[in-house]
Protein chains: 2
Amino acid sequence: MARAGLTTERVTEAAAELADAVGFENVTVAALARSFGVKEPSLYSHVKNLKDLRERVALLAAGEMADRIAAAVAGRSGVDALAAFANAYRDYALTHPGRYAATQVRHDPAVVAASPAFARHVELTHAMLRAYRLEEPDLTDAGRLLRSSFHGYVTLETNGVFTHTREIRASWERGVAALHFLLENWSAASVRAGNV
Amino acid sequence: MARAGLTTERVTEAAAELADAVGFENVTVAALARSFGVKEPSLYSHVKNLKDLRERVALLAAGEMADRIAAAVAGRSGVDALAAFANAYRDYALTHPGRYAATQVRHDPAVVAASPAFARHVELTHAMLRAYRLEEPDLTDAGRLLRSSFHGYVTLETNGVFTHTREIRASWERGVAALHFLLENWSAASVRAGNV
DNA sequence: TACTTCGCCTATTGGTATTAGGCAACTACT
DNA sequence: AGTAGTTGCCTAATACCAATAGGCGAAGTA
């Protein structure tokens, strides 16, 4: 019997392709085996189980996304860097919905914590924020707010929560501009709000 | 054979309980039947299928969440209303992780669009924003940014993405204060950012 | 009490994840 | 080239889950 040339990398890559095509939740060992023209048990030599496969897809996507963001941000600073970061983030999520969904599900915290890809996201965020001259803990706080806003926006957008007739892209651009204003005036914004 | 007294409502409620206990993705017809002490096919008289069940849990959760937020915001305005909204949102998500996860997954857009629960979220957001005297399209843009930030924050928090030693709650409060500042200065923030 | 309705049952089918063990194809060494 | 060992994909089997069809007894109605 001719061999299919499976490797962990090729299986993970195919799973990512499948996720973008049919949705991350529909990535099954059976469907993946079919896409290779191979029987299901054959995949278990390359990935431990379905959970392992999904984690690998998530790490692959996080790494790819970090690459795109890094390329977009390179050579820019301030509002240019912020806009490049934000648009690279959203573009990746919209063009790779299955891979992006993989990064959304809750994985083993140990795997996430040990992953260089996720660490790069934090680093990229902090590098992009450098022009705003924030210091800790402002840097962490602002970074968390930014990533939350980006992540939340594309999630709500792809889940069809934004139903108003107002253009989704126009709202996005306005939101990014607003976040830029917020970062430039972060110290003024630090006055604690009532009984928060 | 004694009857178990199943109804669509009781089944949905039990599924929500189960989701909070074991995670939304682990809510199965089989596990739900076990929790009632009945056989699996018995549930199909009350819910159409698994997808239907999950949508019902999502709508239940969205409604409960809207109730909590409405109660928290009642009688408040401005920064008090914003903080009450934000904290009610986050508290619900953290205390009911399974139900909140149900609202995150992509459901049938027709079901979501026709749901009063999701419409109430938009209304509550707009009501809370009233004190900031925004007009369309600013109202929609600001509302989307707010909901994105809240949703993104609790999602990243529950998924264990925030690993820095900085307190997650402190960052949250700071983020809410920053959003308040942003809303108060929304028109100043409207200057379009470079090549966004 | 007889009849109807309806709730939960048994039986069954098909899909999926996962493990155990076998055989054939590739690799390396003589 | 021939052979030993390794590796890759296979068949077989188990267990769990979703979903449908049809039956039977319990609850409501005359």
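Chain naming here is simple, since letters A, B, ... match the order of the sequence lines and numbering starts at 1 in each.
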Lys/Arg N to Asp/Glu carboxylate O, A:Glu55 vs A:Lys51, below 4.0 Å: yes
For the side chain of B:Tyr44, counting heavy atoms from C-beta on, which of D:dC9, D:dA19, C:dC8 is nearest? D:dA19
Evaluate the ring planes of A:Tyr153 and A:Phe162, with Trp represented by its six-membered ring, and classify them as parallel (under 30°), tilted (30 to 60°) or perpendicular (over 60°). tilted
Five-pair end axes of the helix from C:dT1-D:dA30 to C:dT30-D:dA1, angle between them (10°): 0°
Starting the side chain at C-beta, find the nucleotide from C:dA17, D:dC17, C:dC9 nearest to A:Ala30. C:dA17
So which nucleotide from C:dT18, D:dA18, D:dC9 ends up closest to the side chain of B:Leu50? D:dA18
Name the closest nucleotide to the B:His46 side chain, picking from D:dC10, C:dC8, D:dC17. C:dC8
Evaluate the ring planes of B:Tyr89 and B:Phe85, with Trp represented by its six-membered ring, and classify them as parallel (under 30°), tilted (30 to 60°) or perpendicular (over 60°). parallel
Could you check how far CD of A:Glu40 sits from P of C:dA20, rounded to whole Å? 17 Å
Considering only side-chain heavy atoms of B:Ser42, which listed nucleotide, D:dA18, C:dC8, C:dT16, is closest? C:dC8
Using the side-chain hydrogen bond (donor to acceptor under 3.5 Å, both in side chains) rule, take A:Asn87 and A:Trp172 through it: C-alpha gap first, then chi angles, then the decisive distance, then the call. CA-CA 9 Å; A:Asn87 288 326; A:Trp172 167 259; 2.9 Å; yes
With the side chain defined as heavy atoms from C-beta on, A:Pro41 is closest, among D:dA12, C:dA17, D:dC9, to D:dA12
Could you give all pairs that pass the side chain to side chain donor-acceptor pair (under 3.5 Å) test and reach residues 15-44 of chain A, with sequence neighbours left out? A:Glu17-A:Arg99, A:Asp20-A:Arg99
Linking I/L/V/M/F/W/Y whenever any side-chain heavy atoms sit under 4.5 Å apart, do A:Val122 and A:Met65 land together? no
